[in-house]
Amino acid sequence: MTVSIRSARRLVAGLAASASLMTATSAIAQESCLGTAEALNLTDAQEAEIAARDLTFGFLTNNISDDFSRTLVAGAEAHAAEIGVDLIVNNADFDANTQLSQFDALVQRGVDGIFLTAVDAGSIGQAVRRANQAGIAVFIVGGAPARGDVISVMNAASYQGSYDATAALMAEIGAPNAQIAILGIPFALQTIRDREKGVLDAVGASGGQIISLQSDFSQDRLLELAANVIQANPDLAGIVATWSLAVNAATEAVEQSGRDIPIAGYDLEVPGYMELHSDDTNIVALSGQQAALQGRAAIEGLAQSILGAELCEEIITPNLLVTAENYAEMWAIQYPGVTPPWAE
């Protein structure tokens, strides 16, 4: 089978238009609170007031091993510096206990706000409660903690992004009962479950079947898992990867196998962009989170809360559906002001 991105172009365009409409409708419905990254934008006067308050925010990431996390932090650091907020960044390296210790250290220090990408939304709840008792605003990505109150939960359009990329893959395959393997990440977070559900629903809507769903934190282990499922399933029709390192592993495994297996995924980083630029890739479509936008929104969300604004319970940032046809345009949106690697 020859993989051609172009055969999915009309479907991709339709899905993107649908997602834009959903985002606009959601924004209208949440006029009484701040519910989008754009709505969180500070005015010049608000920025001046924040700068005068001499604030310190804590920024806790679950890891720093992937481009999404690095870009999220970079976006937050850049905007914090711009508005005069001191930012303390800590990396838990996928260790829930480490993150709990880092969180408590920020509470003891008396920071003015904490932004969190949780390793485990369940175990972090007690620490969030301690922040609540100390009067420290907490803004989280992924899913609400089991205990404690947060000012908002920010998520990318995880379900829709996964559904759209997988739907483009299934349209490319164009065959009934297509066998699909999923490579994922073992996070117990709602956003990860949303990604997997988006894949499952898109495969089901196209009459396909899931033959494997495996996950790991290590790209090397994911490569091994992908290679094994390819070898064990001669009729494998496609692979869906639900995070960046899984996308990298799936791409390498297919290349090593010598087989022509199309790939779709959630999370788009530099290696994925380079694949789409190469004119020799099995990637049909990738859903890209806007990490720099989320990092800025994290700082502005905490700042707005301190200024007395109400944030909606959930803030959704739109994903980018990226193919070989539009990758250059999408790069400029996902990495604003950054020279693309193929132009260096």
Side-chain angles (χ1 to χ4, degrees), residues 37 40 50 55-81 83 85-156 158 185-192 217 243-245 267 289-306 311 313-315 317:
L40 296 177
I50 288 296
L55 301 174
T56 298
F57 292 161
F59 201 93
L60 300 178
T61 71
N62 51 34
N63 85 102
I64 204 73
S65 63
D66 60 75
D67 186 63
F68 170 81
S69 297
R70 290 189 294 270
T71 305
L72 181 75
V73 170
E77 288 178 328
H79 196 60
I83 64 174
V85 171
D86 288 333
L87 192 64
I88 302 170
V89 177
N90 285 302
N91 164 35
D93 197 22
F94 294 126
D95 188 297
N97 289 328
T98 296
Q99 189 165 71
L100 282 169
S101 297
Q102 293 170 342
F103 196 113
D104 282 338
L106 292 174
V107 173
Q108 291 170 13
R109 177 167 175 162
V111 298
D112 300 288
I114 297 173
F115 180 79
L116 173 72
T117 59
V119 176
D120 180 9
S123 65
I124 204 69
Q126 192 60 45
V128 173
R129 289 185 64 181
R130 287 192 285 274
N132 295 157
Q133 292 165 2
I136 299 171
V138 180
F139 192 3
I140 194 168
V141 161
R147 298 184 182 91
D149 298 320
V150 295
I151 59 172
S152 185
V153 176
M154 182 164 63
N155 282 312
S158 299
I185 184 170
F187 268 151
L189 298 174
Q190 184 60 49
T191 182
I192 303 303
F217 290 122
W243 73 298
S244 59
L245 299 189
D267 270 358
Q289 301 184 71
Q290 298 190 64
L293 175 67
Q294 288 189 333
R296 177 187 176 112
I299 301 302
E300 293 194 307
L302 288 172
Q304 289 282 10
S305 177
I306 287 171
L311 276 60
E313 291 185 4
E314 185 175 37
I315 294 172
T317 58

Novice: So how far is it from Thr317 OG1 to Leu293 CG, rounded to the nearest 0.5 Å?
Specialist: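 Answer rounded to 0.5 Å: 6.0 Å.
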
Novice: Check whether any side-chain heavy atom of Leu60 lies under 4.5 Å from a side-chain heavy atom of Phe115, and answer yes or no.
Specialist: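 With C-beta onward as the side chain, the pair stays apart.
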
Novice: Quick one: does Phe59's side chain get under 4.5 Å of Leu72's, heavy atoms only?
Specialist: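 They are in side-chain contact.
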
Novice: Where is the tightest heavy-atom contact between Gly301 and Ile151, given as atom of each residue plus distance?
Specialist: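 Between these two residues, the closest heavy atoms are O-CD1, 3.8 Å.
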
Novice: Is Val119 close to Ile124 at the side-chain level, that is, under 4.5 Å between some pair of heavy atoms?
Specialist: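 Sidechains of Val119 and Ile124: no contact.
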
Novice: Got a second to check how far Thr98's OG1 is from Phe103's CZ, nearest 0.5 Å?
Specialist: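 The distance works out to 15.0 Å.
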
Novice: So does Thr117 get a backbone contact from the side chain of Gln99, meaning a donor-acceptor N/O pair under 3.5 Å?
Specialist: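 Judged by distance alone, yes, a pair lies under 3.5 Å.
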
Novice: With a cut-off of 3.5 Å and sequence neighbours excluded, list every side-chain donor-acceptor pair involving residues 128-147.
Specialist:
{"residue": "Arg130", "atom": "NE", "partner": "Asp104", "partner atom": "OD1", "Å": "2.9"}
{"residue": "Arg130", "atom": "NH2", "partner": "Asp104", "partner atom": "OD1", "Å": "3.1"}
{"residue": "Arg130", "atom": "NH2", "partner": "Asp104", "partner atom": "OD2", "Å": "3.0"}
{"residue": "Asn132", "atom": "OD1", "partner": "Asp149", "partner atom": "N", "Å": "2.7"}
{"residue": "Asn132", "atom": "ND2", "partner": "Val128", "partner atom": "O", "Å": "3.4"}
{"residue": "Asn132", "atom": "ND2", "partner": "Asp149", "partner atom": "O", "Å": "2.9"}

Novice: Between Gln289 (side chain) and Ala156 (backbone), is there a donor-acceptor pair under 3.5 Å?
Specialist: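 Not a single qualifying donor-acceptor pair exists.
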
Novice: Roughly how far, to the nearest 0.5 Å, is the CZ atom of Phe57 from the CD1 atom of Ile114?
Specialist: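 One finds 11.0 Å between CD1 of Ile114 and CZ of Phe57.
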
Novice: Report yes or no: does Asp93 contribute a side-chain atom to a donor-acceptor pair with the main-chain N or O of Asp95 at less than 3.5 Å?
Specialist: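 Side chain of Asp93 to backbone of Asp95: no pair is present.
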
Novice: Taking Gln304 for its side chain and Leu40 for its backbone only, find out whether a donor-acceptor pair lies under 3.5 Å.
Specialist: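 Yes.
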
Novice: With rounding to the nearest 0.5 Å, note down the distance linking CD in Gln102 to CG in Asn91.
Specialist: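 Rounded to the nearest 0.5 Å, the CD-CG separation comes to 7.0 Å.
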
Novice: Looking only at atom types and distance, does a side-chain atom of Thr56 sit under 3.5 Å from a main-chain N or O of Asp86, one as donor and one as acceptor?
Specialist: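 Looks like no, no N/O pair under 3.5 Å.
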
Novice: List the atom of Trp243, the atom of Phe217, and the distance in Å for their closest heavy-atom pair.
Specialist: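 Taking every non-hydrogen atom into account, CH2-O, 3.4 Å.
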
Novice: I need the minimum non-hydrogen distance between Leu87 and Ala80, along with the two atoms involved.
Specialist: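 So the two residues come closest at CB-CB, 4.1 Å.
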
Novice: In Å and rounded to the nearest 0.5 Å, what is the CG to CZ distance from Leu245 to Phe68?
Specialist: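 Taking CG in Leu245 and CZ in Phe68, the distance rounds to 13.0 Å.
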
Novice: Kindly compute the distance separating OG (Ser152) from CD (Glu313), expressed to the nearest 0.5 Å.
Specialist: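 CD of Glu313 is found 8.5 Å from OG of Ser152.
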
Novice: Evaluate the side-chain proximity of Ile83 to Leu55: yes if any heavy-atom separation is below 4.5 Å, no if none is.
Specialist: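 No - every pair of side-chain heavy atoms lies 4.5 Å or more apart.
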
Novice: Would you name the heavy atoms of Leu100 and Ala127 that are closest together and state the gap between them?
Specialist: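 Of all heavy-atom pairs spanning Leu100 and Ala127, the closest is CD2-CB, 4.0 Å.
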
Novice: When you measure from the side chain of Ser101 to the backbone of Asn97, do you find a donor-acceptor pair of N or O atoms at a distance under 3.5 Å?
Specialist: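 Yes; judged by distance alone, with no hydrogens or angles, the pair exists.
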
Novice: Please report the shortest heavy-atom distance between Asp120 and Ala96, naming the atom on each side.
Specialist: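 Here Asp120 and Ala96 meet closest at CB-CB, 4.4 Å.
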
Novice: If we ignore hydrogens and angles and just use 3.5 Å, is the side chain of Ser69 paired with the main-chain N or O of Asn63 as donor and acceptor?
Specialist: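 Yes: the side chain of Ser69 pairs with the backbone of Asn63.
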
